[in-house]
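Here the structure comes first, spelled out in structure tokens, and everything after it is commentary.
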Number of protein chains: 2
Amino acid sequence: MSNTNTPPEHRERDTSHTTGHEVLAGVVQVRRGALKALLWQRARPPHPNRWALPGGRLHSDETVESSIRRQLAEKVDVRELTHVEQLAVFSDPERVPGNRVVATAFLGLVPCDTDPELPGDTAWHPIEALPETAFDHETILLTARERLRSKLSYTNIGFALAPPKFTVSELRDIYSAALGYRVSATNLQRVLSRRGALEATGETVAAGPSGGRPPALFRFTSRDLQITDRFAVLRPPG
Amino acid sequence: MSNTNTPPEHRERDTSHTTGHEVLAGVVQVRRGALKALLWQRARPPHPNRWALPGGRLHSDETVESSIRRQLAEKVDVRELTHVEQLAVFSDPERVPGNRVVATAFLGLVPCDTDPELPGDTAWHPIEALPETAFDHETILLTARERLRSKLSYTNIGFALAPPKFTVSELRDIYSAALGYRVSATNLQRVLSRRGALEATGETVAAGPSGGRPPALFRFTSRDLQITDRFAVLRPPG
DNA sequence: CAGGGTTTTCGTCTTAGGATCGAAAACGTG
DNA sequence: CACGTTTTCGATCCTAAGACGAAAACCCTG
């Protein structure tokens, strides 16, 4: 009832503390069969030497989306960042010692064929074996991985992890690494094709060193995120 | 590269503006066959007389979750709020005239058998026919509805809209109202039962005024959100 | 109290996507 | 040229959801 006449943004401001807002991104990529995350090593306190997610403070003229894109541009070429989406807000008052900082977390994806130049303090780390991380960044990263795994099932988000053209086996390896278990190349191709997410380029590439049939090259039909509506359980008529 | 040695939260603070953080909730309920949202009518500028979502400023000792629960407690009894989840961050610099206010939006659900006392400026409005809304609150509300509709398909979230016990027909009406199209009572029962989300109480209730077989009462087996893993397309072994 | 209307409930049929398996295709190698 | 290897394709099985209709169980009326 207290806001009957008082719009929230016009209430007396709480000045006993400073509340900041930062944006952070769990940027992941499949490299050499493992799902890896982009982390930079802190030099100063708090949490010196620990590894942290890329990000930084939100500016006054930015949306959280434009802010995270700006800040990630300092780490990786923006064109290599094929997908960015909001994850969640992390707002535990104690999540950062000292000042209050609310974080909007993002999931960022980089295709596996790119190897961007990184600053000296920045490196890829396998999510399965993370180094000591700062603040709640490990939690954020695990949330990011969970989101990715879910979306691999019901969207075409694989396009953001795969190169422009790929063989079905390569795509299977990407999916396997991201999901954490082996998937069948046969089923993967059939499922994605039936959804209209995958199409053959017509090209084939030479067989591997141990022989075998030369694989065909495929590509995703769309490089925008598309959700498979077939998962509506109680479907609309028609 | 600029944050090589500078932790985000230790950068010089931008004092040219005040950035606030508010929490807002799209609280919805099925009443008389329609999906309705809780809105309060603003008295003061900006946007006087327009209808706004419940919420308010984030306090320094709160998470966004505890904040929205505290603020909603002023509108509806907390025990009547059966489900609350984060929706998204809305951060357009122009979303609120004047000060910069970032909003963390939530989806809140109230079961259809409760009719909480409301403050005088607050009322339920059908989402299909909203009055003039303030700021970006209509967008937030439509996002909330979309989230609800998706989750009705692949989770047991219906428990949060339904009373503790209900007939299949009542549940069908709830789902129909929330989804915006008629669903089959037969299929609804079978689908939810097969998932293990629904169970019969053994009780039956008297038939309606126009006769008919007396319906059996059901309940949700769990009142916590559970996701149907059936929708993993490429399932883990086992 | 018998019969018709109503609503719920159950079973069956159909459709469709996903899993599994195995065969065929196309290549290297010895 | 036979053999191993890898990819690709097709056939079959399984499970789940949608559609439909029949049966069950009640009300009301004549």
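Labels below follow one simple rule: chain letters A, B, ... track the order of the sequence lines, proteins then strands, and each chain is numbered from 1.
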- Query: Between A:T122 and A:K75, do the side chains contain an N or O donor and an N or O acceptor separated by less than 3.5 Å?
  - Reply: yes
- Query: Would you call A:D173 and A:R182 a salt bridge, using N to O less than 4.0 angstrom?
  - Reply: yes
- Task: Could you tell me the separation between the CG atom of B:N187 and the P atom of C:dG11, rounded to a whole number of Å?
- Result: 15 Å
- Message: Categorize B:A206 for me: base, sugar-phosphate, or nothing, with a 4.0 angstrom heavy-atom threshold over every strand shown.
- Response: nothing
- Atom OH of A:Y154 to atom C1' of C:dG17: distance rounded to whole Å? 19 Å
- Task: Quick one, give me the B/S/- string for nucleotides 21-30 of chain C, reading 5' to 3', where B means a protein heavy atom under 4.0 Å from the base and S means that only happens at the primed atoms, P, OP1 or OP2.
- Result: B---BBBS--
- Query: CZ of A:R172 versus P of D:dT7: gap in Å, rounded?
  - Reply: 6 Å
- Over how many whole Å does the gap from A:Y175 atom OH to C:dG18 atom P extend? 12 Å
- Note on the structure: With the side chain defined as heavy atoms from C-beta on, B:R195 is closest, among C:dT8, D:dT7, D:dA17, to D:dA17
- Do you know which two heavy atoms are closest between B:P119 and B:E74, and how far apart they sit? CG-O, 4.0 Å
- Task: May I have the distance from B:L192 (atom CG) to C:dC10 (atom C1'), rounded to whole angstrom?
- Result: 17 Å
- Output yes when at least one side-chain N/O atom of A:Q189 is less than 4.0 Å from OP1 or OP2 of D:dC9, else no. yes
- Message: Output the rounded distance in Å from CG (A:D173) to C1' (D:dT7).
- Response: 13 Å
- Message: With a 6.0 Å cut-off (strictly less than), is the heavy-atom count around CD of A:E117, excluding the residue itself, greater than 12?
- Response: no
- So, B:F166 versus B:F220, ring centres under 6.0 angstrom or not? yes
- Item | Length of the CG-C1' vector between B:L188 and D:dA16, whole Å | 15 Å
- B:E199 versus B:S193: any side-chain heavy-atom pair under 4.5 Å? no
- Item | Distance-only donor-acceptor check, side chains B:E146 and B:S150, under 3.5 Å | no
- Rounded to the nearest Å, what distance is computed from the CZ atom of residue A:R182 to the P atom of nucleotide C:dA19? 16 Å
- By nearest-heavy-atom nucleotide on DNA chain D, the more 5' of A:V168 and B:R194 is A:V168
- Looking at every strand, decide which applies to B:A185 at a 4.0 Å heavy-atom threshold: base, sugar-phosphate, or nothing. nothing
- Message: What I want to check is whether an N or O donor and acceptor connect the side chain of B:R190 with the base of D:dG18 at under 3.5 Å.
- Response: yes
